[in-house]
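Report on one structure; see the data block that follows.
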Protein chains: 2
Amino acid sequence: MTDIDTNSVPERKRGSGVKMVYDLLRDEILDLVLPPGSPIDEVQLAERFKMSRTPIREALVRLAGEGLIETLPNRSTMVSNIDFLNLNTFFDALVLMYRVTTRLAARNYRPEDLTIIRGFHEDYAAAVQTRDALRMISTNAAFHAAIADAGRNPYFTSLFRRLLDEGRRILRLYYRSYDEQFPQRFVDEHAEIIAAIEARDIEAADRLGKAHAEQIVAQVQKLFSRDVGIDIAL
Amino acid sequence: MTDIDTNSVPERKRGSGVKMVYDLLRDEILDLVLPPGSPIDEVQLAERFKMSRTPIREALVRLAGEGLIETLPNRSTMVSNIDFLNLNTFFDALVLMYRVTTRLAARNYRPEDLTIIRGFHEDYAAAVQTRDALRMISTNAAFHAAIADAGRNPYFTSLFRRLLDEGRRILRLYYRSYDEQFPQRFVDEHAEIIAAIEARDIEAADRLGKAHAEQIVAQVQKLFSRDVGIDIAL
DNA sequence: TGTATTTTATTTGTCGACAAGAAAAACACA
DNA sequence: TGTGTTTTTCTTGTCGACAAATAAAATACA
């Protein structure tokens with residue numbers, strides 16, 4: 001009964017713990033593995049990751065800073081709810097950021113950016129082929145984030161990333177039970193967007209980005225209006 | 001204004017320490033009391049606020065999340081630099097957010113919002129009268145933040161707040177040594193913006209917001225180009 | 001039985017201490 | 001004197017423990 005075998009995986013690099021916890025929790029929240037409202041228990045996480053509460057706490061503070069979790073002082077902390085009542089403000093911001101990031105990408109991209117963008121484009125197409133919903137959602141977000149990076153405006157990029165994160169949660173909600181056919185159209189639109197960027201056609205990029213965003217918004221709104229009252233419970 | 005009161009009884013309320021440290025450090029950073037590059041020492045802050053390093057650390061993590069300080073792993077942490085080389089990306093984002101928040105305010109404001117906005121408008125005018133630069137800068141930011149609040153889009157509001165924060169640092173830099181005459185014009189423009197919002201004239205609000213933003217940008221660019229090489233050292 | 005009050009339990013916020021990592025200083029050696 | 005190596009110092013990252021705040025349970029009382 002000697003506890004000598006505690007040396008299974010105790011070797012951890014010094015600053016890596018918080019990032020690991022942060023990344024994992026973030027993914028679990030965005031993929032709805034931790035649905036909105038899920039309680040977050042610090043000691044439970046500390047046991048799970050075999051570390052003290054301190055680095056866990058730091059990761060939680062960062063997640064709270066991005067609005068992914070909510071903390072009630074001295075009480076509990078839980079995964080943030082999706083604000084269905086104000087989805088329009090989300091859509092407003094999303095459409096504008098789609099436009100402006102695509103536009104800036106057409107103006108500011110460098111050759112190496114296109115390589116990265118095309119990589120995610122192919123990842124997304126592959127995910128559509130294999131009908132892998134989770135992968136479709138995450139690679140789509142990565143594709144547009146890469147375009148934003150090529151636009152080289154960190155202020156827009158960070159807001160856009162936050163919006164794409166929230167979008168991941170909302171999309172995940174619908175792909176949970178439905179197997180829609182719209183992804184193929186999106187693959188084609190992505191290709192058009194890439195072409196416009198490469199041609200440095202700023203106005204076309206703006207227009208395509210806007211149209212693409214509005215397609216997505218319309219799709220989500222259709223799904224949403226179809227089953228209000230079910231998902232609103234979340 | 002600030003009631004630090006570090007000498008009296010160390011009877012603080014339980015969750016108030018982090019907020020106090022966060023608020024104070026944030027103000028000191030934005031007012032350039034802590035100039036870019038200033039080292040942030042945890043133990044020093046802990047002694048100054050008579051508390052443990054833990055709440056200090058949490059405040060620093062939050063500040064880092066907003067980009068106000070930068071942390072080098074295992075080494076040091078310091079106040080973030082102002083990126084003069086990419087000021088144009090800052091201006092791009094600032095102008096767009098001025099436009100969109102003013103526009104949304106005209107569409108979505110409620111009567112009580114106008115009261116708040118007018119309050120900050122008068123604060124700003126008073127600061128201009130007394131030529132109180134620090135107060136001019138902070139009330140100007142508060143004025144536009146209040147307009148953004150009236151627009152009721154938290155995504156835009158949070159980005160705009162971050163931009164206004166950065167703007168506070170940049171303006172502070174120039175008001176340090178110059179006593180320009182442009183504030184009075186800004187008072188008038190603020191009045192015009194309020195009128196457009198109150199009339200729910202969305203297009204006028206958009207146009208005035210854009211013009212106002214571009215005025216500020218042009219002013220800062222003029223000051224900047226006048227003494228590059230001096231301030232670039234920061 | 002229903003309600004107010006006390007007690008317990010659970011979770012968070014804070015603390016002091018220690019160890020790891022990196023920079024600076026001290027040192028050895030040619 | 002200059003360079004490479006070792007030692008010291010200084011700051012951060014992590015830990016375990018304790019105290020405060022709140023919720024839940026238990027109890028008292030009508």
Side-chain angles (χ1 to χ4, degrees), chain A residues 3 6-26 29 34 36-80, chain B residues 4-25 28-29 34 36-81:
Chain A
D3 43 11
T6 48
N7 296 3
S8 44
V9 197
E11 296 286 339
R12 210 185 299 280
K13 285 165 206 162
R14 200 167 144 82
S16 70
V18 285
K19 179 168 168 47
M20 165 181 298
V21 175
Y22 169 82
D23 285 338
L24 196 86
L25 279 184
R26 181 171 173 277
I29 291 171
L34 293 175
S38 301
I40 306 278
D41 185 8
E42 293 178 4
V43 295
Q44 192 175 320
L45 287 172
E47 290 169 3
R48 176 177 167 193
F49 289 101
K50 303 256 197 300
M51 59 176 71
S52 143
R53 274 176 53 220
T54 308
I56 305 284
R57 216 140 199 293
E58 182 172 330
L60 294 184
V61 170
R62 285 171 55 181
L63 288 170
E66 297 174 34
L68 291 178
I69 65 176
E70 279 168 11
T71 301
L72 295 102
N74 282 317
R75 231 175 300 175
S76 65
T77 144
M78 59 180 211
V79 177
S80 296
Chain B
I4 311 167
D5 194 11
T6 47
N7 289 9
S8 58
V9 193
E11 194 159 344
R12 275 174 286 96
K13 283 167 205 163
R14 200 166 144 82
S16 70
V18 285
K19 180 168 167 47
M20 164 182 296
V21 175
Y22 169 83
D23 285 338
L24 195 85
L25 278 185
E28 290 191 349
I29 292 172
L34 294 175
S38 301
I40 306 278
D41 186 7
E42 294 178 3
V43 296
Q44 192 175 319
L45 288 171
E47 288 168 5
R48 175 177 169 194
F49 291 101
K50 303 260 197 297
M51 59 175 72
S52 144
R53 272 177 54 219
T54 309
I56 304 283
R57 214 140 201 290
E58 181 172 330
L60 294 184
V61 169
R62 284 170 56 182
L63 288 169
E66 297 173 35
L68 291 178
I69 64 175
E70 279 168 10
T71 302
L72 295 103
N74 280 319
R75 233 176 301 175
S76 66
T77 142
M78 59 180 212
V79 177
S80 297
N81 284 8

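In what follows, chains carry the letters A, B, and so on, assigned in the order in which the sequence lines appear, proteins first and then strands, with residues in each chain numbered from 1. Both backbone and side-chain heavy atoms feed into the values below; hydrogens, waters and symmetry mates do not.
Here D:dT12 presents its P atom at 15 Å from CD of B:Glu70, a figure rounded to the nearest Å. Per the geometry, CZ belonging to B:Phe49 stands 16 Å off C1' belonging to C:dT14, to the nearest Å. Per the geometry, CE belonging to A:Met78 stands 16 Å off C1' belonging to C:dT11, to the nearest Å. Rounded to a whole Å, the NZ atom of A:Lys50 is 17 Å from the P atom of D:dT14. A:Gln44 places its CD atom 15 Å from the C1' atom of C:dT12, with the value rounded to the nearest Å. Distance, B:Ile56 CD1 to D:dT11 P: 15 Å, rounded to whole Å. Following rounding to the nearest Å, A:Glu42 (CD) and D:dC15 (P) show an atom-to-atom distance of 14 Å.
Place A:Thr54 and A:Arg14 on DNA chain C by their nearest nucleotides, and A:Thr54 ends up nearer the 5' end.
For the pair A:Ile29 and A:Glu66, the minimum side-chain heavy-atom distance is 4.5 Å or more. Taking the side chain as every heavy atom from C-beta outward, B:Leu25 and B:Leu68 never approach each other to under 4.5 Å.
A:Glu58 comes within 4.0 angstrom of nothing in the nucleic acid, heavy atoms only. Residue B:Ile40 is in sugar-phosphate contact alone, with no base atom involved, counting any heavy-atom pair closer than 4.0 Å across all strands shown. No contact: A:Leu60 has no heavy atom under 4.0 Å from any strand.
Comparing C:dG21, D:dT14, C:dT14 against the side chain of B:Pro55 picks out C:dT14 as the nearest. Here the side chain of B:Ser52 is nearest to one of C:dT12, C:dG16, D:dC15, namely C:dG16. In the set D:dA21, D:dT12, C:dC15, the nucleotide with an atom closest to the side chain of B:Met51 is C:dC15. Taking every side-chain heavy atom of A:Asn74 into account, D:dT22 is the closest of D:dG16, D:dT12, D:dT22. Residue A:Arg53 has its side chain nearest to C:dT12 when only D:dT12, C:dT12, C:dC15 are considered.
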Original post:
Going through the distances and angles, do A:Leu34 and A:Ile40 end up as a side-chain contact (heavy atoms from CB on, under 4.5 Å)?
Top reply: CA-CA 9 Å; A:Leu34 293 175; A:Ile40 306 278; 4.2 Å; yes
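Here the CZ-NZ distance, from A:Arg62 to A:Lys19, works out to 7.5 Å after rounding to the nearest 0.5 Å.
In terms of phosphate contacts, A:Arg75 brings a side-chain nitrogen or oxygen within less than 4.0 Å of OP1 or OP2 of D:dA23.
A:Ser38 contributes no side-chain N or O that, together with a main-chain N or O of A:Val79, makes up a donor-acceptor pair within less than 3.5 Å.
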